[in-house]
Amino acid sequence: MSETKEKWRPTQHGANIGHTSAWMAHRKVALDMHRILSEDDPDRAVIDAPYTVMALRHVIRGVRMAHEHLKTEPAKELPREALADFDKAVPGGKKARDVIEHFDEYAMGIGHLQQPGGSRRDKTPDDDLSEQYNHRLEWRVIGDERRPVYVAGPFEVDLVASEDAAFRLVCDTYEALLLDEGNPWPRGWAYELQRGPRRS
């Protein structure tokens with residue numbers, strides 16, 4: 001039996017790199033959620049929460065990278081559907097992340113969503129717009145559960161629902177990798193294996 005000495009080339013494994021990156025970003029989200037929900041430290045929750053929303057963006061970016069590098073159309077369809085499902089489960093997540101990431105503009109009332117179009121230097125700082133787009137962690141009762149919700153202006157991100165949606169997205173992308181390799185699993189099987197039947 002001969003062993004191959006061929007060098008591993010990252011450019012040939014974009015789908016795997018994307019999935020691994022998405023998985024690591026999800027782990028950040030899950031660890032943040034564990035701390036926010038289980039530690040009795042309100043200051044830590046306030047600090048973790050905006051970066052949890054930012055990490056969700058990296059989950060999406062990793063999945064998009066995986067999608068771009070999948071080879072077969074059936075495999076590519078799975079992350080396309082999964083990304084659409086994520087957007088439904090986390091409405092406003094992208095815009096909330098924009099408010100957090102560009103805090104230097106939104107705090108002055110000159111963010112893209114506050115004053116669309118034009119360059120930053122053409123916009124006038126506005127205290128009212130700044131106040132409308134402040135961001136903060138709130139605790140809400142959803143059903144019979146007290147849950148953390150990150151509010152960024154008019155956009156709200158239920159952090160518990162977001163973590164679960166991000167995990168589903170990572171699991172669906174894993175199934176796409178398997179499908180691309182000719183080893184199909186039923187959609188949702190990876191998620192159910194680890195968390196039980198999908199919650200609606």
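No experiment lies behind these values; they were computed from the predicted model shown.
Identified under the salt bridge (charged side-chain N to carboxylate O under 4.0 Å, His left out) test for residues 58-68, with sequence neighbours left out: none. Sequence neighbours left out, the pairs with a member in residues 145-159 that pass salt bridge (charged side-chain N to carboxylate O under 4.0 Å, His left out) are R140-E156, E145-R147, R147-D158. Under the ring pair (Phe, Tyr, Trp, His ring centres under 6.0 Å) criterion, no residue pair touches residues 56-79, with sequence neighbours excluded. Screening residues 15-56 for ring pair (Phe, Tyr, Trp, His ring centres under 6.0 Å), with sequence neighbours left out, gives H19-Y174, H26-F167.
If you chain together hydrophobic residues whose side chains sit under 4.5 Å apart, V170 and L31 never meet in one group. Hydrophobic clustering of Ile, Leu, Val, Met, Phe, Trp and Tyr side chains at less than 4.5 Å, counting indirect connections, unites V29 with L137. Follow the hydrophobic side-chain contacts under 4.5 Å out from M65 and you never reach L179; the two are in separate clusters. Hydrophobic cluster membership is shared by M54 and I60, with clusters built from Ile, Leu, Val, Met, Phe, Trp and Tyr side chains linked at under 4.5 angstrom. The cluster map of Ile, Leu, Val, Met, Phe, Trp and Tyr, joined by side-chain heavy atoms under 4.5 Å apart, puts V63 and M24 in the same cluster.
Here the closest non-hydrogen pair linking P79 and A176 is CD-CB, 3.7 Å. Across all their heavy atoms, A66 and A15 have their closest contact at CB-O, 3.4 Å. Residue V157 comes nearest to A96 through the heavy atom pair CG2-CB, 3.7 Å, listed as atom of the first residue, atom of the second, then distance. Of all non-hydrogen atoms in A166 and F86, the two that sit nearest each other are N-CE1, 3.7 Å. Nearest heavy atoms, L129 versus G109: CD1-O, 3.6 Å. The two residues D172 and G188 come nearest to each other via the heavy atoms OD1-N, 4.1 Å.
For Q132, there are no side chain to side chain donor-acceptor pair (under 3.5 Å) partners, not counting sequence neighbours. For K76, there are no side chain to side chain donor-acceptor pair (under 3.5 Å) partners, not counting sequence neighbours. By the side chain to side chain donor-acceptor pair (under 3.5 Å) test, H135 pairs with Y150, sequence neighbours left out.
Using modelled atom types, one side-chain atom of K123 and one backbone atom of Q115 make a donor-acceptor pair closer than 3.5 Å. Proximity of a side-chain donor or acceptor of E163 to a complementary backbone N or O of M33 within less than 3.5 Å is not detected. Looking only at distances, no side-chain donor or acceptor of T72 sits under 3.5 Å from a matching main-chain atom of D180.
Think of L70 as one node in a network of Ile, Leu, Val, Met, Phe, Trp and Tyr side chains linked at under 4.5 Å; its network also takes in L177. Hydrophobic cluster of V141: no remaining members, since no ILVMFWY side chain lies below 4.5 Å from it. Members clustered with L113: V99, Y106, Y133, F155, by chain and number, using a 4.5 Å side-chain heavy-atom cutoff among hydrophobic residues. Through direct or indirect side-chain contacts shorter than 4.5 Å among Ile, Leu, Val, Met, Phe, Trp and Tyr, M108 is connected to I110.
The CD atom of Q194 sits 9.5 Å away from the CH2 atom of W189 when rounded to the nearest 0.5 Å. Between L78 atom CG and L178 atom CG the span is 10.0 Å, to the nearest 0.5 Å. Here the CG-OG distance, from D32 to S162, works out to 12.0 Å after rounding to the nearest 0.5 Å.
The residues R57 and E101 are annotated as not salt-bridged, no charged nitrogen and carboxylate oxygen being separated by less than 4.0 angstrom.
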Less than 3.5 Å apart, which donor and acceptor atoms pair up between the side chains of residues 88-95 and the rest of the protein, not counting sequence neighbours?
none

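Within a 6.0 Å radius of CG in D127, no more than 12 heavy atoms belonging to other residues, nucleotides or ligands are found.
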*Could you walk me through whether E105 and R120 pass salt bridge (Lys or Arg N to Asp or Glu O under 4.0 Å), step by step?*
CA-CA 8 Å; E105 296 174 1; R120 183 176 178 167; 3.8 Å; yes
*Report the C-alpha distance between D126 and Q114 in whole Å, list the side-chain angles of each, state the deciding distance to 0.1 Å, and finish with yes or no for side-chain contact (heavy atoms from CB on, under 4.5 Å).*
CA-CA 9 Å; D126 186 307; Q114 293 162 316; over 6 Å; no
*Start with the C-alpha gap between N134 and V151, add the side-chain angles, then the distance that decides, and say whether side-chain contact (heavy atoms from CB on, under 4.5 Å) holds.*
CA-CA 8 Å; N134 69 19; V151 178; 5.8 Å; no
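In this structure the side chain of V160 reaches within 4.5 angstrom of the side chain of L37, judged on heavy atoms. At a threshold of 4.5 Å between non-hydrogen side-chain atoms, the residues V59 and L169 count as touching. Between L159 and I36, the closest side-chain pair of non-hydrogen atoms falls below 4.5 Å. Using a 4.5 Å heavy-atom cutoff, the side chains of R195 and R168 are not in contact.
In this structure, a donor-acceptor pair under 3.5 Å is present between the side chains of D122 and S119.
The only member of D40, D41, V46 that meets side chain to side chain contact (heavy atoms under 4.5 Å, CB included) when paired with R44 is D41.
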